[in-house]
S.K.: 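Let me give you the structure first, and then I'll get to my questions.
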Amino acid sequence: MTMHLAVFGATGHVGRHLVDQALAAGHEVTALVRDPARLPAREGLTVVPGAVQDAEAVARTVQGAEAVLSALGTRKLWGVTVCTDGMRAVLPAMKAHGVRRLVAVGCYGTGEDRRKDLYYYAMSLAIRQVMLDKNRQEALIRAADDEWTIVRPAVLGGGARTGRYRAGTDLRLGLTSRISYADVAGFMLEQLGKDEYVRRAVAVTS
């Protein structure tokens, strides 16, 4: 089944794989991109120039979509608000255009997943501002009456898509847990045809 997908964070590590894999699978993709030059033109791809803080640009991206994929994130470690800002624009746009399915990249160790273990302490020290932003994003998503799935990956890195990963709502990750950007994108796209993790947060690792 092919769909019309709205993609946010399309020029990031996971986002680029989302766009590539979605187009390869025959989906139609509309992507919001701050700098359109960073996303090469291809058949089936529509690029909307703008930032996630721009409600009008976000609405144009969501219009006509059947599902939304968010890979929003940043390489910054301070002053991080992109995920929160993005969801504050994306969720109202989804409601306005009648789009209910959302799959978003979260962060392991956020939400109800916070545990007093070594992994959590290490992440909270290394990327505290990122985790706070992901926490705020997650709270916004959970408050929405949508068919959402939050994907909490292990430590991300490069590598080819393998299609081999472990996932679960109670899956415990460790400091050596890893997964490729490509596999996270593949897992996200798979969720569009499943309901196992609808309205749930799921950890995923190789």
Side-chain angles (χ1 to χ4, degrees), residues 3-23 25 27-42 44-76 79-107 110 130-144 146-153 156 181-182 184-192 197 201-202 204:
M3 304 176 71
H4 180 178
L5 307 175
V7 177
F8 295 91
T11 59
H13 289 302
V14 173
R16 285 183 178 275
H17 286 284
L18 276 175
V19 172
D20 291 345
Q21 292 179 27
L23 292 174
H27 297 297
E28 182 180 346
V29 174
T30 301
L32 179 70
V33 180
R34 187 185 294 271
D35 179 6
R38 296 184 59 194
L39 200 62
R42 280 162 286 175
L45 173 64
T46 299
V47 174
V48 176
V52 292
Q53 295 84 358
D54 183 343
E56 184 178 341
V58 169
R60 290 202 308 272
T61 305
V62 172
Q63 185 176 12
E66 297 165 86
V68 172
L69 298 168
S70 175
L72 290 171
T74 179
R75 294 180 179 86
K76 296 187 341 183
V80 180
T81 63
V82 65
C83 295
T84 308
D85 294 343
M87 280 305 135
R88 283 176 175 158
V90 169
L91 293 170
M94 289 177 61
K95 184 174 182 178
H97 291 288
V99 183
R100 292 186 50 79
R101 190 67 173 110
L102 169 67
V103 182
V105 176
C107 181
T110 59
V130 172
M131 292 181 74
L132 288 173
D133 187 32
K134 292 290 189 180
N135 259 320
R136 290 189 289 264
Q137 171 190 250
E138 184 163 322
L140 291 169
I141 291 172
R142 287 178 176 276
D146 292 316
E147 297 173 357
W148 52 264
T149 299
I150 297 168
V151 178
R152 296 172 173 163
L156 289 156
Y181 304 116
V184 171
F187 180 80
M188 292 175 70
L189 286 166
E190 285 181 8
Q191 302 318 301
L192 298 176
Y197 298 120
V202 54
V204 59

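The basis for the numbers below is simple: all heavy atoms, side chains too, and nothing from hydrogens, waters or symmetry mates.
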S.K.: Using every non-hydrogen atom in the two residues, find where A71 and G15 come nearest and quote the distance to one decimal.
M.R.: CB-N, 3.8 Å
S.K.: If you take all heavy atoms of A31 and L45, which pair is closest and at what distance?
M.R.: CB-CD1, 4.3 Å
S.K.: Could you measure the distance from the NE2 atom of H13 to the CG atom of L18? Nearest 0.5 Å is fine.
M.R.: 13.5 Å
S.K.: Going from CD on E66 to NE2 on H97, what distance comes out if it is rounded to the nearest 0.5 angstrom?
M.R.: 14.5 Å
S.K.: Looking at E56, I want to see if its CD is surrounded by more than 12 non-hydrogen atoms of other residues, nucleotides or ligands under 6.0 Å.
M.R.: no
S.K.: Given V47, which of L32, L39, V19 fulfils the side-chain contact (heavy atoms from CB on, under 4.5 Å) condition?
M.R.: L39
S.K.: For F187, give me all partners under ring pair (Phe, Tyr, Trp, His ring centres under 6.0 Å), at least two apart in sequence or on another chain.
M.R.: Y165
S.K.: Is there side-chain contact between V90 and V52, with heavy atoms separated by less than 4.5 Å?
M.R.: no
S.K.: In Å, rounded to the nearest 0.5 Å, how long is the span from CD of E138 to CD1 of I150?
M.R.: 3.5 Å
S.K.: State which residues pass salt bridge (charged side-chain N to carboxylate O under 4.0 Å, His left out) with R42; sequence neighbours excluded, sorted by chain then number.
M.R.: D20
S.K.: Can you check whether L5 reaches L192 side chain to side chain, under 4.5 Å on heavy atoms?
M.R.: yes
S.K.: Report the C-alpha distance between D35 and T11 in whole Å, list the side-chain angles of each, state the deciding distance to 0.1 Å, and finish with yes or no for side-chain contact (heavy atoms from CB on, under 4.5 Å).
M.R.: CA-CA 9 Å; D35 179 6; T11 59; over 6 Å; no
S.K.: State, yes or no, whether a side-chain contact exists between L69 and V29 at a heavy-atom distance under 4.5 Å.
M.R.: no
S.K.: Enter the distance from D85:CG to D54:CG here, rounded to the nearest 0.5 Å.
M.R.: 12.0 Å
S.K.: H4: which residues meet the side chain to side chain donor-acceptor pair (under 3.5 Å) condition with it, sequence neighbours left out?
M.R.: T30
S.K.: Find out whether C107 and Q137 are in side-chain contact, i.e. whether some heavy atom of one side chain is under 4.5 Å from a heavy atom of the other.
M.R.: no
S.K.: Using modelled atom types only, decide if a donor and an acceptor are shared between the side chain of D146 and the backbone of W148 within a distance under 3.5 Å.
M.R.: no
S.K.: Which atom names give the shortest non-hydrogen contact between T149 and Y197, and what distance separates them?
M.R.: OG1-O, 2.9 Å
S.K.: Tell me, please, which residues at least two apart from A89 pass side chain to side chain contact (heavy atoms under 4.5 Å, CB included).
M.R.: V58
S.K.: For the residue pair K134 and V105, what are the closest heavy atoms and their distance?
M.R.: NZ-O, 3.0 Å
S.K.: Partners of R16 by side chain to side chain donor-acceptor pair (under 3.5 Å), sequence neighbours excluded?
M.R.: none
S.K.: For the residue pair P36 and P49, what are the closest heavy atoms and their distance?
M.R.: CG-CB, 3.8 Å
S.K.: Output all residues satisfying salt bridge (charged side-chain N to carboxylate O under 4.0 Å, His left out) with R101, sequence neighbours left out; order by chain, then residue number.
M.R.: none
S.K.: Nearest 0.5 angstrom please: L102 CG to I141 CD1, how far?
M.R.: 5.0 Å
S.K.: Closest heavy-atom contact between L91 and A144?
M.R.: CD2-CB, 4.0 Å
